[in-house]
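All values derive from a computational prediction rather than experimental measurement. Every chain is numbered from 1, with letters handed out A, B, ... down the list of sequences.
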There are 2 protein chains.
Amino acid sequence: MRLISIYKCLCDETRLRILNLLSVSPLCVCHLQSILRKPQVKVSQHLAFLKERGMVTRTRHQQWMIYALPASPGPELDANLRCLQDCVQSDPVFQADRAKLQELTAGRPVAMLLEEGCCPGPVSAALPHAPNLNAQRP
Amino acid sequence: MRLISIYKCLCDETRLRILNLLSVSPLCVCHLQSILRKPQVKVSQHLAFLKERGMVTRTRHQQWMIYALPASPGPELDANLRCLQDCVQSDPVFQADRAKLQELTAGRPVAMLLEEGCCPGPVSAALPHAPNLNAQRP
DNA sequence: TATTTATATACGCACTTTCGTATATTCGGC
DNA sequence: GCCGAATATACGAAAGTGCGTATATAAATA
């Protein structure tokens, strides 16, 4: 049933945080990675989980994959995303995520960010796992 | 997190159907059993799951256990139960459950049903697994 | 074309969930 | 106190989930 599948997507904190951020704006994986401060593989896996169940869409833009909430989510998903927004308003974790996103994008739309390069210096450098790990091996 | 725990409760069909019915009225296990047509142990297990997470309350009334939605569900649970009601309005399974409940109680409150005996003849007889299984063994 | 960057997938392990079988508990009536 | 009805709990198997390590792919660029 559609509703069950939606709730299965919602019962993980990382996925809730991703959906909260995507409700603000479409984002690439490295944006999510740097805001959530989770390893890339974890973010990708959760995005794959969401995509398999129709909770997000994915489009390639040059080297970046842009994830977004579906244009026509259907009534159940729509209702639950609204409900999620209500529930999340008072929660410090979700608020902080939104603040970081605002800081990262400075209010500019994703398209513009992509033109400038998706994740400039500080973003990649701020990842929780050492970036360019392969490059450091001789 | 509270929200996650709520969504974990919502991501099973049997539990959704139970919550849908409890949103109409407090009910005893045998009511749920006969409406859902699931084995007793399955219903009890899901009720235990819900109770552990504060999604339902339980009170004994003579030999019956009465389950109900909590009096003060808190904002997240309240929002999600409302959202669930929205999502469920158009679904035939949930509608049928409500119709069966209406038929079973004929609009009378649970208290009155309990006075008369919780689950009179036809209800227990309609269970999917043979009732009184132990009694049939010599 | 070789390398780097961004991202996805494969695989394995620990943990959780679902559900069935069997057994225990609790209450009311005899 | 015994029995039956209503309900709960224990336990084990099968499936699903979360996550880490390692590897693959795809685009950009030197």
Side-chain angles (χ1 to χ4, degrees), chain A residues 4-5 7-16 18 27-34 36 38-53 58-67 113-114 117-121 123-125 127-138, chain B residues 4-5 7-16 27-34 36 38-53 58-67 113-115 117-121 123-125 127-138:
Chain A
I4 309 282
S5 161
Y7 287 129
K8 287 201 179 186
C9 290
L10 297 179
C11 64
D12 174 273
E13 178 171 355
T14 302
R15 290 197 291 268
L16 279 190
I18 289 174
L27 292 170
C28 72
V29 180
C30 57
H31 282 134
L32 293 167
Q33 216 182 322
S34 73
L36 302 176
K38 305 273 185 193
Q40 174 263 321
V41 68
K42 187 168 169 178
V43 176
S44 271
Q45 282 169 343
H46 281 297
L47 286 167
F49 189 102
L50 291 171
K51 184 166 177 303
E52 274 170 17
R53 289 159 182 79
R58 183 172 74 179
T59 55
R60 182 178 282 281
H61 184 282
Q62 297 164 22
Q63 63 249 241
W64 301 287
M65 285 298 200
I66 310 299
Y67 285 86
L113 290 174
L114 291 172
C118 179
C119 291
V123 175
S124 297
L127 296 179
H129 61 296
N132 305 339
L133 206 68
N134 295 327
Q136 289 170 12
R137 294 197 177 187
Chain B
I4 310 279
S5 160
Y7 287 129
K8 287 203 178 187
C9 290
L10 297 178
C11 64
D12 173 274
E13 179 170 357
T14 302
R15 289 196 293 267
L16 279 190
L27 292 169
C28 73
V29 181
C30 59
H31 282 134
L32 292 168
Q33 215 182 323
S34 73
L36 301 176
K38 305 273 183 191
Q40 176 263 322
V41 68
K42 189 169 168 176
V43 175
S44 270
Q45 282 168 343
H46 282 298
L47 287 168
F49 189 102
L50 291 171
K51 185 165 176 306
E52 274 170 16
R53 290 158 183 79
R58 182 171 77 178
T59 55
R60 181 178 284 282
H61 185 283
Q62 296 165 23
Q63 63 250 237
W64 300 287
M65 285 297 197
I66 310 300
Y67 285 86
L113 291 172
L114 292 172
E115 297 309 318
C118 180
C119 291
V123 174
S124 297
L127 296 181
H129 60 294
N132 305 340
L133 205 67
N134 295 326
Q136 290 169 13
R137 294 196 176 187

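Contact check, B:Y67 against D:dA8: a side-chain N or O comes under 4.0 Å of OP1 or OP2. Contact check, B:S44 against D:dA8: a side-chain N or O comes under 4.0 Å of OP1 or OP2. For the pair B:R58 and D:dT7, the criterion of a side-chain N or O lying under 4.0 Å from OP1 or OP2 is not met.
At distances below 3.5 Å, at least one donor-acceptor pair connects side-chain atoms of B:R53 with backbone N or O atoms of B:F49. Of the possible donor and acceptor atoms, none in the side chain of A:R15 sits under 3.5 Å from a partner among the backbone N and O of A:H46.
For B:M65, whose side chain is taken as the heavy atoms from C-beta onward, the closest listed nucleotide among D:dT7, D:dC19, C:dT7 is D:dT7. When distances run from any side-chain atom of B:C28 to the nucleotides D:dT7, C:dA8, D:dA8, the shortest one goes to D:dT7. In the set C:dT18, C:dA8, D:dA6, the nucleotide with an atom closest to the side chain of B:W64 is D:dA6.
Within the 4.5 Å cutoff, the side chain of A:L50 has heavy atoms near those of the A:I18 side chain.
Rounded to whole angstrom, the span from the NZ atom of B:K38 across to the C1' atom of D:dA8 amounts to 20 Å. A straight line from NZ of B:K8 to P of C:dT18 spans 10 Å, rounded to a whole angstrom. Rounded to a whole Å, the OH atom of A:Y7 is 19 Å from the C1' atom of C:dT17. Between B:L47 atom CG and C:dC19 atom C1' there is a gap of 15 Å when expressed in whole angstrom units. Straight-line distance from the CG atom of B:L50 to the P atom of D:dA8: 12 Å, rounded to whole Å. Protein atom CD of B:Q40 is 8 Å distant from nucleotide atom P of D:dT7, rounded to whole Å. Separating the CZ atom of A:R53 from the C1' atom of D:dG16 is a distance of 10 Å, rounded to the nearest angstrom. Counting to the nearest Å, the C1' atom of C:dT7 and the NE2 atom of A:H46 are 16 Å from each other.
Applying the side-chain hydrogen bond (donor to acceptor under 3.5 Å, both in side chains) test to A:R58 and every residue at least two apart in sequence or in another chain returns A:Y67.
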**OP:** Go along nucleotides 25-30 of chain D 5' to 3' and tag each nucleotide: B for a protein heavy atom under 4.0 Å from its base, S when only backbone or sugar atoms are that close, - otherwise.
**Re:** -SSS--
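With DNA chain D read from its 5' end, the first of the two nearest nucleotides for B:V41 and A:T14 is the one closest to B:V41. Take the nearest nucleotide of DNA chain C for B:Q45 and for A:A48: the residue whose nucleotide is more 5' is A:A48.
We find the CD-SG distance between A:Q63 and A:C30 to be 9.0 Å, quoted to the nearest 0.5 Å. Rounding to the nearest 0.5 Å gives a distance of 10.0 Å between CD of B:Q33 and CG of B:L47. Between atom CG of residue A:L32 and atom CE of residue A:M65 there is a gap of 13.5 Å, rounded to the nearest 0.5 Å.
Counting non-hydrogen atoms under 4.0 angstrom, A:V43 reaches nothing in the nucleic acid.
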